[in-house]
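Let me begin by presenting the structure, written as structure tokens, before commenting on it.
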Amino acid sequence: MNSLKNNFLKTSFCFFLFLFISNTSFGQNQKKHTRESLVPIINTIVDGINVHMFRTRARNHIYSEYLKKNILKNKPHISLFVKDDFKYHLEKDREGFRIAKENVKLLPGKWAKIVEKDLLEIEKFQNKEIRLNKELLEKTAKSIKVKDRDFIKKSLIQLIQNTNKHDELVRKVHSDFETILEDYPHPDSNNSWVRSTNYIQEVLKKSENILDDLKYEKREIALQKLVALDSLRSFLEKNQIEILNGIKKYPYYGGHPHSNYEMFVIMTKKFIKVIRENSHYRRNMTNHNTAISEYTNLVKYYNSFVDQAMIKDNNHNTPSASLLKYPLKKYYIKVSEENSNFEKENLPNQITDNLKMDGFKENHLIILLDISRSMVKEERLPLFKKAMEEIASIMRKEDIYSVVLFSDKAETLFEQKSITEKTVLNKFLNVKSFGKTNINLGIEKAYSLANKKFDISKNTRILMVTDGDFKISNDLNEKIKMEKQRIQFSVFNFGKKNIKISSLQKLTKNGNGNHVYITNENHISALLNELRKK
């Protein structure tokens, strides 16, 4: 009898112990979730992914198209990498990612393990990207040496491949979040928040598809999809009042939802514009990079809109909806097969350690430099500065330069100096662009410097660097024509090829010089051509 009693007590104890363990150890994963309880957890994870990625990646679009055209194809000097101190940002960003990993444990069942594994992989990709960024920054802090090109190529390709895999994994995690929430639909599909975010999410998905097409050079398909995106954007703009009906404007912390909706529509319009420009100017990397940046802004405004939907107060005419945020993603170029073998290529007209100026006339180059506000763009004044910095390493002390700056007025930066002197070169590199354009004063001052201590044994020429077309006085045109045997007049044109440039071409014809459109591909060789005269 005692034996039966003891067995009963043991069995009862084991049963109650099992129930206790079930309700404690497994309580987290067996807890009954709702959409309202799950979405804040998921959005915390998305925020952690975003802050972890943003600082080291959001501004690094130049790694893609520009570097493919230059480093991978052995183009000249590159020093455009983002010179950012990652240390401060990483300490802050890692804290957000740590909180994200902690929240993964609150997800239901198998999803906790799946997402936890993916976040660890994301962290590995991020750490590799930071290391590659650091190495590339060190190698490109100054002019790139020929001996470093292969290393930079390999590191660059690793970076592109790493970031592509990184983005694929982020997409997978977000897809998993959407799958988790399929079992927890919105309780009220007519909720104003649900209705408006459904439209906004449709814009984001269409935009992603277009960027994917551009990444793989499917430009015609991208343009066809752009028509549908523009139509949707127009619908959101025209029907804003109806779509947002039921959502009050304010008060909300950090703004109001109507403002975020409006900004989202504006950013969509900008995104469409730069995609169209990119389709027409295929060699212009700036537009594609701007499109990526605009897409990032779309995600940011959408996420701000979602944040405000979570605020529960009396200003909601409808119940606050639980809406899923979007992670930031980057779209990097596809590495083509021909660049995977790191084959040596010929470097015609490029700067190398062995290039000399021996055998050519000594130079007096008068640079007539347009510093008006429009020259601020990266492919204009900054590009010309890079060309000057590159050739400084091969110039002789006997090669002298004078620089005239013109915008609202004309002034001499320096005259008859050698750019082999570091202080002289730095003075030129520190020139800023501002104001409007007054070309006639600039030309007069340039000829005054050219004639000052004129030496017939030197290659004396004026090089006008500009992005516009101008009305030149008849007197100046005659002066240029009269001086053409002694002083040649050339123009480096940084403007678009489809603008009228009749007066610039007339100037160079009268001045027995060259009119050259300057691009990333020819900015070094064009300058050398002006300086290398027998």
Side-chain angles (χ1 to χ4, degrees), residues 38-61 63 82 84 86-107 111 114-130 133 162-178 180-181 197 200-201 203-205 207-208 211-212 253-255 257 260 263-264 267-268 271 289 291-311 322-332:
L38 273 176
V39 169
I41 295 169
I42 292 175
N43 282 342
T44 301
I45 299 170
V46 171
D47 283 338
I49 293 173
N50 286 349
V51 76
H52 191 54
M53 293 169 62
F54 182 75
R55 288 294 181 184
T56 54
R57 304 186 65 198
R59 301 181 189 278
N60 289 351
H61 310 309
Y63 284 140
V82 177
D84 193 7
F86 294 139
K87 187 175 179 182
Y88 165 77
H89 298 306
L90 288 178
E91 289 175 357
K92 179 182 176 182
D93 297 349
R94 289 194 186 284
E95 176 63 15
F97 198 71
R98 182 189 65 77
I99 295 170
K101 289 192 290 187
E102 286 181 356
N103 273 266
V104 169
K105 299 172 185 176
L106 304 176
L107 294 174
W111 292 110
I114 292 171
V115 176
E116 183 178 30
K117 181 181 176 182
D118 287 340
L119 288 193
L120 290 174
E121 285 297 305
I122 286 175
E123 195 167 29
K124 287 180 183 178
F125 284 127
Q126 183 75 355
N127 289 336
K128 185 175 181 181
E129 184 165 344
I130 291 165
N133 276 334
N162 184 77
T163 50
N164 281 332
K165 290 176 182 177
H166 196 166
D167 283 339
E168 287 172 8
L169 190 54
V170 170
R171 291 192 193 204
K172 176 185 178 299
V173 172
H174 192 250
S175 176
D176 287 343
F177 291 155
E178 290 177 331
I180 293 171
L181 292 178
T197 52
I200 296 175
Q201 285 178 1
V203 170
L204 288 172
K205 288 174 181 177
S207 301
E208 283 184 37
L211 285 174
D212 281 335
Y253 176 74
N260 282 317
M263 288 304 300
F264 183 90
M267 289 300 155
T268 304
F271 174 84
N289 294 336
I292 296 170
S293 179
E294 298 303 345
Y295 172 81
T296 302
N297 285 330
L298 291 180
V299 174
K300 286 165 62 179
Y301 280 111
Y302 168 74
N303 286 345
S304 295
F305 188 80
V306 170
D307 275 332
Q308 290 169 335
M310 300 302 168
I311 300 173
S322 294
L323 309 173
L324 184 61
K325 287 189 175 183
Y326 258 68
L328 294 173
K329 301 163 189 148
K330 294 291 134 201
Y331 293 82
Y332 286 76

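Owing to the predicted nature of the structure, the values given are computational and were not obtained by experimental measurement. The first residue of the sequence shown is numbered 1, and numbering continues consecutively from there.
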State, to 0.1 Å, how close [X] and [Y] come at their nearest heavy-atom pair, and which atoms those are.
X    : Y    : answer
N50  : P327 : OD1-CA, 3.0 Å
K325 : H174 : O-NE2, 3.0 Å
G48  : A100 : CA-CB, 3.9 Å
Y295 : S207 : CD1-CB, 3.8 Å
E116 : V104 : N-CG1, 3.6 Å

Got a second to check how far [X]'s [atom1] is from [Y]'s [atom2], nearest 0.5 Å?
X    : Y    : atom1 : atom2 : result
D47  : I42  : CG    : CD1   : 12.0 Å
I99  : T44  : CD1   : OG1   : 8.5 Å
F264 : I200 : CZ    : CD1   : 5.5 Å
L106 : I45  : CG    : CD1   : 8.0 Å
L323 : N43  : CG    : CG    : 8.0 Å
E123 : H166 : CD    : NE2   : 10.0 Å

Would you mind reporting whether [Y] and [X] have side-chain heavy atoms less than 4.5 Å apart?
X    : Y    : result
T197 : L324 : no
V115 : F177 : yes
I122 : L119 : yes
N297 : E294 : yes

Partners of N162 by side chain to side chain donor-acceptor pair (under 3.5 Å), sequence neighbours excluded?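 Result, side chain to side chain donor-acceptor pair (under 3.5 Å) vs N162: none returned.
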
Below 4.0 angstrom, N of the basic side chain to O of the carboxylate: do E168 and R171 qualify?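 Not counted as a salt bridge, because no side-chain N and carboxylate O are separated by less than 4.0 Å.
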
With K172 via salt bridge (charged side-chain N to carboxylate O under 4.0 Å, His left out) - residues at least two apart: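 Applying salt bridge (charged side-chain N to carboxylate O under 4.0 Å, His left out) to K172 gives D118, D176.
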
Determine whether T268 and Y301 satisfy the following criterion, side-chain contact (heavy atoms from CB on, under 4.5 Å), listing intermediate values before the conclusion. CA-CA 11 Å; T268 304; Y301 280 111; over 6 Å; no

Classify the angle between the aromatic ring planes of Y326 and Y302 as parallel (below 30°), tilted (30 to 60°) or perpendicular (above 60°).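 Aromatic pair Y326/Y302 classed perpendicular.
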
Can you name the side-chain contact (heavy atoms from CB on, under 4.5 Å) partners of S304, sequence neighbours left out?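 In terms of side-chain contact (heavy atoms from CB on, under 4.5 Å), with neighbours along the sequence ignored, S304 is linked to N260.
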
Flag if over 12 foreign heavy atoms under 6.0 Å of NZ, K101: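 Atom NZ in K101 is packed in, count exceeds 12.
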
Test log, rule side-chain contact (heavy atoms from CB on, under 4.5 Å), inputs K128 and K124: CA-CA 6 Å; K128 185 175 181 181; K124 287 180 183 178; over 6 Å; no

Full working for side-chain contact (heavy atoms from CB on, under 4.5 Å) between M267 and K300: CA-CA 10 Å; M267 289 300 155; K300 286 165 62 179; over 6 Å; no

